[in-house]
Amino acid sequence: ARDLPDGFEIVWQERTVVRHTAARPLLLLSRGTGEYKMRHGSFKIKDREEECFTPDTYALEHRDDGITACSAGADIHFRVQAGRLEITFSVRDHRLNRLYFNLTAADDEHIFGAGEQYSAIDLRGRKLPVWCEEQGIGRGRDLITFLAELTHGAGGAWYTTYFPQPTFLSSKCWYCHIDASAYMELDFTGAAHAICCWEIPRAIIIGQQPDPPSLLADLTSLLGRQPV
């Protein structure tokens, strides 16, 4: 951990993983109720947030098993498990069921993954949901999509997929896996990689290796490999 004038950052394997400042908080929690409308396997999803809480100051505690950033409403635990950085959360108000969490991003990195993607390989500069649904007809802003949506409510989007996954990899040879099964959004458009999860994740797991083959080997050892 490294103290900053108005916050802190966590450095692991010589890379800053997260950073908290007053201007750019690391964590935001809220309470919300999701609204889901489905037609022909395509979903319209909205969230009605009723309460929001942003911890602004943290006290860092160095413990035998890692570092804990303690705040008035929530604690963030950082510890190394099996060669990976594991981030977990202790939220005191159990009514809070929305988590927004920021990972540091590099300007020149590329992001891949989030399940099976059909329209884009590099997700940097994009925002997408992690949600399983029918692909629909068309892939976004085109005449086919417009007509399918107008007549049957079955228009597709660039991100619709049968196989979403809350896992992504960086060209800087690190990956992130979010251990959660609720609706999620991944936002790679800003100065930080933003995770929005409609539950408190069991863990956010970060892996880092010196090269892509080693990175994929480490990721598949975590998630599992198909038999051959």
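The basis for the numbers below is simple: all heavy atoms, side chains too, and nothing from hydrogens, waters or symmetry mates.
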Heavy atoms, side chains only, cut-off 4.5 Å: are [X] and [Y] in contact?
| X | Y | answer |
| --- | --- | --- |
| I178 | T167 | no |
| L28 | N102 | no |
| R19 | T21 | yes |

Could you grab the distance from atom [atom1] of [X] to atom [atom2] of [Y], nearest 0.5 Å is fine?
| X | Y | atom1 | atom2 | value |
| --- | --- | --- | --- | --- |
| H20 | L60 | NE2 | CG | 10.0 Å |
| I67 | I10 | CD1 | CD1 | 4.5 Å |
| I76 | L26 | CD1 | CG | 4.5 Å |
| D75 | C70 | CG | SG | 4.0 Å |
| K46 | T33 | NZ | OG1 | 14.5 Å |

Presence of salt bridge, K172 and E109, under 4.0 angstrom: no
Sidechain N-carboxylate O distance under 4.0 Å for R48, E35: yes
Verdict with supporting geometry, E51 and R31, salt bridge (charged side-chain N to carboxylate O under 4.0 Å, His left out): CA-CA 5 Å; E51 186 178 351; R31 178 166 59 94; 3.3 Å; yes
Shortest non-hydrogen contact between L128 and A114, atoms and distance: CD1-CB, 3.9 Å
Stepwise ring pair (Phe, Tyr, Trp, His ring centres under 6.0 Å) check, F168 with F188: CA-CA 11 Å; F168 60 88; F188 304 113; 4.9 Å; yes
From CA spacing to verdict: ring pair (Phe, Tyr, Trp, His ring centres under 6.0 Å), F101, F89: CA-CA 11 Å; F101 192 73; F89 307 89; 5.2 Å; yes
Lys NZ or Arg CZ of R84 over W12 ring: under 6.0 Å, within 45°: no
Candidate pair Y36 and F43, rule ring pair (Phe, Tyr, Trp, His ring centres under 6.0 Å), full reasoning: CA-CA 7 Å; Y36 307 84; F43 287 81; 7.2 Å; no
